[in-house]
Peer 1: 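If you scroll down you'll find the structure; I have some questions about it.
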Amino acid sequence: MKLFVPGRLCLFGEHTDWAGHYRTMNADIAPGAAIVTGIEQGIYAEVEKSSIFELYSTAPEIEGLWQDFSCRMDESELKRIAKSGSFFCYCAGVASYMLEWYKVGGVRIKITGMTLPMKSGLSSSAAICVLVARAFNLLYNLNLNTLGEMNIAYLGELRTSSRCGRLDQACAFGVKPNLMTFDGDEIEVRSLNVKKHLYWVFADLCAEKDTIRILSDLNKAYPFPSNEAEQAEHDALGQLNIEIVTRAIQYMANGDAEALGKLMTEAEALFDEKVAPMSPALWSPKLHSVLQDPNIQPWVWGGKGVGSHGDGSVQFLARNEVAQQQLVNYLNEHGMKAYTLTLKPVHTVRKAVIPVAGFGTRLYPATRALKKDFFPIPCPDGMVRPVILILLEELVRSGIEEICLVLGSEEERQQYADYFERPLSQDHLRKLNPEAQEYENRILDIGKRLRYVYQREKRGFGHAVYQAAQFAGNEPVLLLLGDTLYRSDSNKPCALQMVEEYERCSALMVSIHPIPLAEVSRYGILHGVWEDKARTVLHVSTMMEKPKASYAEEFLGVRNKDGEKEYYSVFGQYILTPEVFAQLHQDIMQKEMDHDLTSEIELTSALEAVRKHSGMIGVRLQGRMYDMGNPKALTQAVAAFSE
């Protein structure tokens, strides 16, 4: 199994993780808040099960720094190594925690690449801890969510001599900005949206800083301030920090890079005024000389320190991509090690696919005359719409710009063209009331968004979806089923709920809903762990097609807030990433190599392959679905949807 864990860069809110923890002793302390992002540099590794705990490297970047390491999976031995201060103490600390609490076997970790600079305020130690925690989690199917991996990485590092902060392990969440809040022992993580490209530069100052001394000095003011200077530190790491972080989130969401850069400079000035006087180790001549360098100013909107501050690292927000590279070159030429970080807007979903190639055998003989996606459905507003129009209207309301229908043949296209592209005759139009005449324009407008592809061979659902690969390009696409209707229980369509969740998670996504245990054998069932307290976002660890009820009861139940088991099936909406289409292509090519041109290409198997490699999110939508694939379901859907 191949893994990548990035380093992390704290953009705003340094030191507030440990400061917020003191709320367990002093309720007057404000919660900590930090904006943290993974960076493009990190650790690449291949991991597999082993009878012992072993690490070795083929990465040229750490040649000479690395010696291969192995030890027995023995708790006392691992704890001894964790306390030794050796190069591998962090890895041993996490492994000892895993062994103590999960009774796992060993792992073999081969570091294949190391682009992350060490001891530069970018949490290389946290990255290796997350890497070890994730390796155990995935290899031994521990079903930990991302926050769980992060917490174990933190607790494992605490078994060493390190005094890491709670935000260091934010690298577990990948290369995207997150808001982390620290309220005593409680930690919450929320993904942030970025409207426009933001061009960061950060650099190792290649100077000296004493992190242990800095943390020791600053902690003296907690939990209760005893003088004005200590109160100033509380203010800076408390309410004043919350105000800065709140503004930063707004500027990022609005794409206001200039205001965000100026806020960085403001945050640094606040730190220098109220926090730096508390520790002589925070006297940072090199950091401030670089921040104030007049040669740099034309390239940047602003800058500040990194991590615990001191002369460790510096970060700037460049004015554009060209300025970003010019700044990197300048810093490298002046003896520093500079890196780029470009935060990009999440790829908003603007395309959708609806396969409608099936004949509708279970609804024969009606489908002999009318495709099932044109079956009429009475709606609550008194109109009678065909199924396909209801689906397309939901997509339009959700901001989808282009929609691809997967048809069975070119001949079928004429029916859609007649309905969505050919205006009514004037004779028919005059018979409609003004409201209906206006609605006719909406139908024709939807027709302008439609594209068509054809599944000439009936080789399964995955094969049908793959016909839209060229339409999808390199973008995520929303997939809806052509014989299923959806009704939201909120003011947002179900499809829009999916799109908005994708903008936060940016991962392969399926909608889910609970079903009775007695019905699990009719569906694909998903199992995993909740990522959020509201239990709406599921980190999927297992997909099983039509399991027996006894098996599902023992292995596939997901606990709700009352501690009871629920069983989740796909709700009928997906957001497919480009990796899914690549996997479908691979599956089709493999069938051709095996001279198998008849067996079906399943979407589920492609989803599972991508899940194993890149993960999958299940989203519990606020809504209901109505299957229309058989006579009984159609009867129920018509009755329920018209209410």
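For the single chain, residues carry numbers from 1 onward in sequence order.
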Peer 1: Can you find a pair of side-chain heavy atoms, one from I111 and one from L131, that are under 4.5 Å apart?
Peer 2: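 I111 reaches L131 side chain to side chain.
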Peer 1: Please name the pair of heavy atoms, one in I575 and one in M498, separated by the smallest distance, quoted to 0.1 Å.
Peer 2: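 Minimum heavy-atom separation between I575 and M498: CD1-O, 3.5 Å.
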Peer 1: For P177 versus M252, what's the shortest heavy-atom pair and its separation?
Peer 2: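 Nearest pair, atom of P177 first, then M252: CB-CE, 3.8 Å.
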Peer 1: Would you please say whether a donor-acceptor pair under 3.5 Å links the side chains of S308 and K209?
Peer 2: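 Indeed, the side chains of S308 and K209 share at least one donor-acceptor pair under 3.5 Å.
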Peer 1: If you compare all heavy atoms of A33 against all heavy atoms of N241, which two are closest, and at what distance to 0.1 Å?
Peer 2: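 Looking at all heavy atoms of both residues, the shortest contact is O-ND2, 2.8 Å.
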Peer 1: Give a yes or no on whether R72 atom CZ has more than 12 heavy-atom contacts from other residues, nucleotides or ligands under 6.0 Å away.
Peer 2: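 No - once you tally the heavy atoms of other residues, nucleotides and ligands closer than 6.0 Å, there are 12 at most.
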Peer 1: Find out whether R190 and I249 are in side-chain contact, i.e. whether some heavy atom of one side chain is under 4.5 Å from a heavy atom of the other.
Peer 2: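 SC-SC contact between R190 and I249 confirmed.
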Peer 1: Main chain of L144, side chain of E149: is a donor-acceptor contact present, judged purely on distance under 3.5 Å?
Peer 2: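 Not confirmed, E149 side chain does not pair with L144 backbone.
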Peer 1: Verify the neighbour count for atom NE2 of H613: are there more than 12 heavy atoms of other residues, nucleotides or ligands below 6.0 Å?
Peer 2: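 No - once you tally the heavy atoms of other residues, nucleotides and ligands closer than 6.0 Å, there are 12 at most.
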Peer 1: Has the side chain of Q324 got a donor or acceptor atom that lies under 3.5 Å from a matching backbone atom of W200?
Peer 2: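 Yes; judged by distance alone, with no hydrogens or angles, the pair exists.
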Peer 1: Using atom types as modelled and distance alone, determine if a side-chain donor or acceptor of R8 lies under 3.5 Å from a backbone N or O of T37.
Peer 2: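 No: the side chain of R8 does not pair with the backbone of T37.
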Peer 1: Does either side chain, that of D235 or that of Q239, offer a donor lying less than 3.5 Å from an acceptor on the other one?
Peer 2: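 Their side chains do not contain a donor-acceptor pair, so the 3.5 Å distance test is not met.
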Peer 1: Specify whether W18 and H15 have parallel, tilted or perpendicular ring planes, treating 30° as the upper limit for parallel and 60° as the lower limit for perpendicular.
Peer 2: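 Aromatic pair W18/H15 classed perpendicular.
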Peer 1: For S191 and N178, which I'm curious about, is there any donor-acceptor pair between the side chains at under 3.5 Å?
Peer 2: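 Indeed, the side chains of S191 and N178 share at least one donor-acceptor pair under 3.5 Å.
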Peer 1: With sequence neighbours excluded, what pairs up with W283 under the side chain to side chain contact (heavy atoms under 4.5 Å, CB included) test?
Peer 2: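 In terms of side chain to side chain contact (heavy atoms under 4.5 Å, CB included), with neighbours along the sequence ignored, W283 is linked to P285.
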Peer 1: State whether the number of non-hydrogen atoms from other residues, nucleotides or ligands found under 6.0 Å of K196 atom NZ is greater than 12.
Peer 2: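 It does not: K196 NZ has 12 such atoms or fewer within range.
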Peer 1: Please list all pairs meeting side-chain hydrogen bond (donor to acceptor under 3.5 Å, both in side chains) that have one or both residues in residues 267-280, counting only residues at least two apart or in different chains.
Peer 2: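 Output for this query lists D217-S279, E268-H309, D272-H288.
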Peer 1: What heavy-atom pair brings A338 and L331 nearest, and what distance separates the two atoms?
Peer 2: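 Shortest heavy-atom contact: CB-CB, 3.8 Å.
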Peer 1: Do Y22 and N219 meet the criterion of a side-chain donor-acceptor pair at a distance under 3.5 Å?
Peer 2: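 Indeed, the side chains of Y22 and N219 share at least one donor-acceptor pair under 3.5 Å.
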Peer 1: Which heavy-atom pair separates M73 from L78 by the least distance, and what is that distance?
Peer 2: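 Scanning both residues, the minimum pair turns out to be SD-CD1, 4.2 Å.
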Peer 1: Run K262 and E258 through salt bridge (charged side-chain N to carboxylate O under 4.0 Å, His left out) and show every step you take.
Peer 2: CA-CA 6 Å; K262 291 179 178 178; E258 182 176 359; 3.2 Å; yes
Peer 1: Can you check whether L99 reaches S96 side chain to side chain, under 4.5 Å on heavy atoms?
Peer 2: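 The answer is no, as the side chains (C-beta and beyond) never meet within the 4.5 Å cut-off.
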Peer 1: Could you check whether K49 makes a cation-pi contact with Y140, meaning its NZ or CZ is under 6.0 Å from the centre of the six-membered ring and within 45° of the ring axis?
Peer 2: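 Relative to the ring axis of Y140, which defines the angle, K49 lies inside both limits.
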Peer 1: I'd like to know if the side chain of R319 and the backbone of P298 have a donor-acceptor N/O pair within less than 3.5 Å.
Peer 2: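 Yes: the side chain of R319 pairs with the backbone of P298.
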Peer 1: Considering only heavy atoms from C-beta outward, does the side chain of S614 approach that of T577 to under 4.5 Å?
Peer 2: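 No - every pair of side-chain heavy atoms lies 4.5 Å or more apart.
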Peer 1: Whether the side chain of S541 engages the backbone of H527 through a donor-acceptor N/O pair (distance < 3.5 Å, no angle test) should be reported.
Peer 2: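 Such a contact is found between S541 side chain and H527 backbone.
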Peer 1: Does the side chain of M264 come within less than 4.5 Å of W301's, by heavy atoms?
Peer 2: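 Not in contact.
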Peer 1: Donor-acceptor pair, D293 side chain versus S289 backbone, under 3.5 Å?
Peer 2: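 Side chain of D293 to backbone of S289: no pair is present.
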Peer 1: Which heavy atom of V94 sits nearest to which heavy atom of V132, and what is that distance?
Peer 2: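 Closest approach of V94 to V132: CG1-CG1, 3.7 Å.
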